[in-house]
J.: 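For reference, the structure I am asking about is given below.
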Amino acid sequence: MKRLFITACILCICFYSTAQNAHLIIPKPAFISYPHSSEPFVLANKQPIFYSANFEAQADYLKQAILKQTGIELEIRKSSDVKNRSTTGIYLILIATSNNSPEQYELNVNKQNIDIQFHDLRGLVNGIQSLLQLMPIGQFNVAKISPIHIEDQPRFAYRGMHLDVVRHIFPISYIKKYIDYLAFHKFNTFHWHLTDDQGWRIEMNAYPKLNSIGSFRNETLIGHFKDSPAQYDGTRYGGFYTKAEIKEIIQYASIRAITVIPEIDIPGHSRAAIAAYPELSTKPDTIWNVATTWGMYNRQNNVLAPKPATFRFLEKVFDEVVALFPSPYIHVGGDECSKIWWKQDPATQAFMKENGLKNETALQTYFIEFIAKYLQSKGKQTIGWHEINEGDLDTSTIVMNWGTEKQAIEAASKGFNVINTPGKPFYFDHYQSQDPKDSLAIHGYNPLEAVYNYNPIPTAIIQKGLSSKIIGGQANVWTEYMGNEKKVDYMIFPRMTALSETLWSAPEKKNYADFLKRLEQNAIPRYLFWNSSWFNEYKKWDLSKSPK
Ligand code: TNX
């Protein structure tokens, strides 16, 4: 009821307001100026959106977004000459230049026209997001947009959000909504964590038991995994995305210029795979269940055993993944691979001896190198969690660091490109308050202010001259304690909004007080418009509340 009232109020306020202030745009643009004339552009039904070249899908995306946000219905028109702006309307203009940086756009609003100038698809989509933020939310016959000139481009090339759909699965409708969250915030990558101990969530044809057995668990733990005694809900749980659904998501994301990177987590985190095919495990005669609890590391066997059947399995699985995902990158996990199961297994030890692998860390590197080479032969680059760098791995792979600065520095110094996703503060499964009554989370304290203030290029990296090795950052959303969409929303908002600025805007453009103002006046009305939940005590829980 209260939510409905707030929504109604916001809609009313917008009905009487005219234009949004460009100074409210999130993430903060690189450059904004205000033209001399203050006469607004008046957006009205049937106005054309002119688009050049092959950008019909984006013109239509903009049209639909404007309709949803304002109730005003525009028309899209292909135009071979968008430079001659004689008709009032919105112009999406491809500018062919060689020396501009990727994803750059320019947005101009004046009394006659609006134009977005860009030189790549992502630039166009970024410009569309800024334009939508200049438009009011509500139902209007016309909407006024104040004159503005924006020139903008991102700080980092890789700006990602991850989502674990294993611990809890979410419907395709929510995956699309999540991708819309990414688009609004100018992220360019969705990291889809599709397999883990608690389930296999992608349709596989060559190994059908991955779905019939591996996609379902008998029940799920209730409460925190460290609680004792452990309690379970007694309800079978699971499911997987069909290839048709995955294609639908990839298509949806591609219109929004978002790359979808699938993660198939090997050689650890493979309990669902060995439950389906025990012959791939270190104990082929065991009946493994798909995991029903969290945090398996060294507690339950979840590793693939090195044998011909396993390597054949990996090739076939990744063949299907490569065929499905156009992404130039494939994530192979590689995290938290317990060595104890390999240590205990004579067949694994014999394999290591035959192949001159001096310890289990070398075996882990062997697995990653095997699959990285295979993927390379298919034109794909491998990403793995920072543990892939424990041994002596070839630096053609990309390291995704979920540790501290130490692991980022280690990887960058060796020559790896690094995506920085440090547990502190980029893990959105950690608490954002220290209120004991806050909704269950894994542990830790990652408040909004910490996300906003973190520099993905740590000082030590700058000092060593390795800044260019940090290609971007990402927040990870592990869903052990996020059983439904509302809980995911609550954990990501408003932290995701802060992260978008941390990854997009130059450090000298950032200011937390200014961000909080824009959050309140621009982002929170969006959360309401999306009917999304968020954590609203972010002002109270700042960095001064950090534990000693
Ligand atoms: C570690 S971070 C994991 C995940 C868990 C997470 C909980 C990483 C690469 N592996 O499997 O969900 O901790 O925070």
Side-chain angles (χ1 to χ4, degrees), residues 160-170 189 191-201 217 220-221 223-227 261-273 290-304 329-339 364 367-368 382-390 393 397-408 410-411 416 418-432 438-446 450-451 473-483 487-488 491-492 495:
M161 282 292 294
H162 151 287
L163 184 66
D164 165 12
V165 295
V166 173
R167 279 53 179 270
H168 287 100
I169 185 167
F170 306 94
T189 306
H191 171 173
W192 206 357
H193 184 77
L194 286 164
T195 74
D196 213 307
D197 300 318
Q198 296 80 7
W200 188 279
R201 304 266 177 259
R217 58 180 180 252
T220 302
L221 187 83
H224 199 274
F225 87 97
K226 289 189 173 152
D227 290 351
I261 299 184
E263 180 185 349
I264 306 294
D265 201 346
I266 59 114
H269 282 276
S270 296
R271 179 66 168 230
V290 175
T292 56
T293 185
W294 322 124
M296 307 282 280
Y297 190 69
N298 281 355
R299 290 166 71 227
Q300 293 188 38
N301 189 331
N302 63 352
V303 300
L304 296 172
Y329 310 107
I330 305 288
H331 201 304
V332 303
D335 58 312
E336 297 180 320
C337 182
S338 166
K339 313 294 185 299
Q364 171 171 316
F367 264 102
I368 301 299
T382 293
I383 304 179
W385 298 108
H386 67 258
E387 291 97 319
I388 63 170
N389 175 34
E390 278 171 1
L393 184 69
T397 51
I398 296 174
V399 168
M400 186 172 269
N401 169 45
W402 66 279
T404 63
E405 288 188 3
K406 182 173 168 272
Q407 289 85 359
E410 258 168 35
F416 286 99
V418 177
I419 298 164
N420 215 1
T421 77
K424 230 175 157 32
F426 286 176
Y427 264 41
F428 291 178
D429 60 344
H430 290 210
Y431 285 100
Q432 50 202 326
D438 198 354
S439 185
L440 185 64
I442 181 109
H443 49 56
Y445 179 50
N446 285 342
V451 176
Q474 171 176 293
N476 297 329
V477 184
W478 302 102
T479 57
E480 285 94 333
Y481 306 113
M482 303 182 208
K487 181 71 186 279
V488 176
M491 296 304 285
I492 63 174
R495 291 186 286 194

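Counting starts at 1 for both ligands and their atoms, in listed order. If you're wondering where the values come from, they're calculated on a predicted model, not measured in any experiment.
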J.: Please state which protein non-hydrogen atom is closest to atom 3 (C) of ligand 1 and give its distance, to 0.1 Å?
T.: Glu336 OE1, 3.3 Å
J.: To check you understand the geometry: which heavy-atom pair defines the closest contact between Arg201 and Val165, and what is its length?
T.: NE-O, 2.9 Å
J.: For atom 14 (O) of ligand 1, what's the nearest protein heavy-atom neighbour? Residue, atom name and distance, please.
T.: Asp429 OD2, 2.7 Å
J.: Rounded at 0.5 Å granularity, tell me how far CG in Asp164 sits from CH2 in Trp478.
T.: 6.0 Å
J.: Trp385 and His191: aromatic ring centres closer than 6.0 Å?
T.: yes
J.: Applying side chain to side chain donor-acceptor pair (under 3.5 Å) between Trp402 and each of Gln474, Glu387, Glu336, report the one that passes.
T.: Glu387
J.: Which ligand 1 atoms does His269 reach within 4.0 Å, using its non-hydrogen atoms?
T.: 11 (O)
J.: Can a non-hydrogen atom of Arg167 be found less than 4.0 Å from any atom of ligand 1?
T.: yes
J.: What part of Trp294 sits under 4.0 Å from ligand 1 if we count only heavy atoms: the side chain, the backbone, both or neither?
T.: neither
J.: Which of the atoms in ligand 1, numbered in the order shown and given with their element, are less than 4.0 Å from a heavy-atom of Glu480?
T.: 5 (C), 7 (C), 12 (O)
J.: Is it the case that over 12 heavy atoms from other parts of the model lie below 6.0 angstrom from the OH atom of Tyr431?
T.: yes
J.: Please confirm whether Met400 comes under 4.0 Å of ligand 1, counting heavy atoms of the residue only.
T.: no
J.: Which label fits Tyr481 and Trp294: parallel for a plane angle under 30°, tilted from 30 to 60°, or perpendicular past 60°?
T.: perpendicular
J.: Among all protein heavy atoms in this structure, tell me which lies nearest to atom 2 (S) of ligand 1, with the distance rounded to 0.1 Å.
T.: Tyr427 OH, 2.5 Å
J.: Distance from His193 atom NE2 to Arg167 atom CZ, nearest 0.5 Å?
T.: 5.0 Å
J.: For atom 9 (C) of ligand 1, what's the nearest protein heavy-atom neighbour? Residue, atom name and distance, please.
T.: Asp335 OD2, 3.0 Å
